[in-house]
2 protein chains.
Amino acid sequence: MAENAPLVSLNTSALEAARLLATHRLSGLVVIDERGQPDSVLPASQVVRFIVPGYVQDDPSLARVLSESMSDQAAETLGSRRVSDVLPLERPELCVVRHDDTVIEVAAIMARLRSPLVAVMRGADMIGVISASRLLKFALGPR
Amino acid sequence: MAENAPLVSLNTSALEAARLLATHRLSGLVVIDERGQPDSVLPASQVVRFIVPGYVQDDPSLARVLSESMSDQAAETLGSRRVSDVLPLERPELCVVRHDDTVIEVAAIMARLRSPLVAVMRGADMIGVISASRLLKFALGPR
């Protein structure tokens, strides 16, 4: 049931994380710590917050007068930061399940923590992730 | 920048919504009201909550003893409900942007409401959605 997903570490460049989110069309990335253990989830919407200049966040009406070409500025802003710099202060909890947990066990954990993504561990190693949409696919079975 | 996405109405069967989430690997679906206007977002993780039997939610240790084959039960549970029945009581707000808003305007709205998905309107018509990952793709431009 687990599937591979791109991982980033707390030290990965925020620009690289943003490109992974964009390329793989992900709503969030699993962040691992220095020991390779799952740490948290970096939501794509959180990265978006960092490409909006501070003066626009303070006064959204200023967005209208900004040039459409923001890519250089966005890349520069994200390139100077690491994943640990852009994670929310209260990091979204990353649920962990075991590789031999059943569909209903994973669903119960996802449901309890209202989490869209869980990390799958085999012993001390993270072997993949399960998204809520993937869980639904397995729970509902072939049509 | 807007792209098509499957829509469901408040009256759509929750089972159909679950299958759309699973098939399109979506973390959420846009829900429209009876006038075709965007109403809210139905997160995949919310649907997962409904396929976990109540007695397992009350005592997660019971999940271990359940049979792995839960697909019939899950389909029956969702098939008897509508989208309006499975939406959270506090419906996640769905941000709305105009089709001629700039990337930075969309980013500012997404950032302010920490929303992973916005509906794009042309006049009174919804013409598509923009996800946070898609916004990042446009904000960062070609590599």
Side-chain angles (χ1 to χ4, degrees), chain A residues 15 18-19 21-28 43-53 56-57 60 62-64 66-75 78 88 101-117 131-143, chain B residues 15 18-19 21-28 43-53 56-57 60 62-64 66-75 78 88 101-117 131-143:
Chain A
L15 178 58
R19 291 206 192 278
L21 287 162
T23 307
H24 296 271
R25 305 171 65 97
L26 298 169
S27 54
S45 56
Q46 174 71 15
V47 181
V48 168
R49 298 185 66 204
F50 278 83
I51 61 172
V52 179
V56 174
Q57 291 192 31
L62 291 175
R64 194 74 200 173
L66 277 182
S67 155
E68 179 75 9
S69 65
M70 63 180 293
S71 62
D72 288 349
Q73 192 191 331
L78 292 175
D101 281 347
T102 63
V103 173
I104 190 72
E105 284 177 294
V106 177
I109 289 168
M110 234 176 219
R112 198 162 67 247
L113 299 179
R114 292 161 194 245
S115 171
L117 198 66
S131 64
S133 60
R134 190 167 173 85
L135 188 280
L136 286 175
K137 184 179 157 194
F138 277 85
L140 295 174
R143 188 157 194 169
Chain B
L15 178 59
R19 291 208 192 277
L21 287 162
T23 308
H24 296 271
R25 304 169 66 97
L26 298 170
S27 55
S45 56
Q46 174 71 15
V47 180
V48 169
R49 297 185 67 204
F50 279 83
I51 61 173
V52 179
V56 174
Q57 290 192 33
L62 290 177
R64 193 76 199 172
L66 277 181
S67 156
E68 179 75 9
S69 66
M70 64 180 293
S71 62
D72 288 348
Q73 192 190 331
L78 292 175
D101 281 347
T102 63
V103 173
I104 189 73
E105 284 177 293
V106 178
I109 289 168
M110 233 176 219
R112 197 162 68 248
L113 298 179
R114 292 162 193 244
S115 172
L117 197 66
S131 64
S133 60
R134 189 166 174 88
L135 189 280
L136 287 174
K137 185 179 158 194
F138 277 84
L140 295 174
R143 191 159 193 168

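Every chain is numbered from 1, with letters handed out A, B, ... down the list of sequences.
With a 4.5 angstrom heavy-atom cutoff, B:Arg134 touches chain A only via side-chain atoms. With a threshold of 4.5 angstrom between heavy atoms, B:Leu78 approaches chain A through side-chain atoms but not through N, CA, C or O. There is no contact between B:Ser131 and chain A, counting heavy-atom distances below 4.5 Å.
Chosen from A:Lys137, A:Arg112, A:Arg49, the residue pairing most often with chain B at heavy-atom distances under 4.5 Å is A:Arg49. Options B:Ile109, B:Leu26, B:Val106, B:Leu113 differ in how many heavy-atom pairs under 4.5 Å they form with chain A, and the most are formed by B:Leu26. Here A:Val48 is the residue among A:Val48, A:Leu21, A:Val47, A:Leu135 with the most heavy-atom pairs under 4.5 Å with chain B. Ranked by heavy-atom pairs under 4.5 Å with chain B, the first of A:Pro116, A:Gly28, A:Ala108, A:Ala111 is A:Ala111.
Put simply, the side chain of A:Glu105 gets close to the backbone of A:Thr102: a donor and an acceptor are under 3.5 Å apart.
Using a 4.5 Å heavy-atom threshold, the side chains of B:Leu15 and A:Leu140 count as touching. For the pair A:Ser45 and B:Met110, the minimum side-chain heavy-atom distance is 4.5 Å or more.
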Step by step, would you call A:Leu136 with B:Ile51 a side-chain contact (heavy atoms from CB on, under 4.5 Å)? CA-CA 9 Å; A:Leu136 286 175; B:Ile51 61 173; 4.2 Å; yes
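When every heavy atom of A:Ser133 is checked against every heavy atom of B:Ala44, the shortest pair comes out as N-CB, 4.1 Å.
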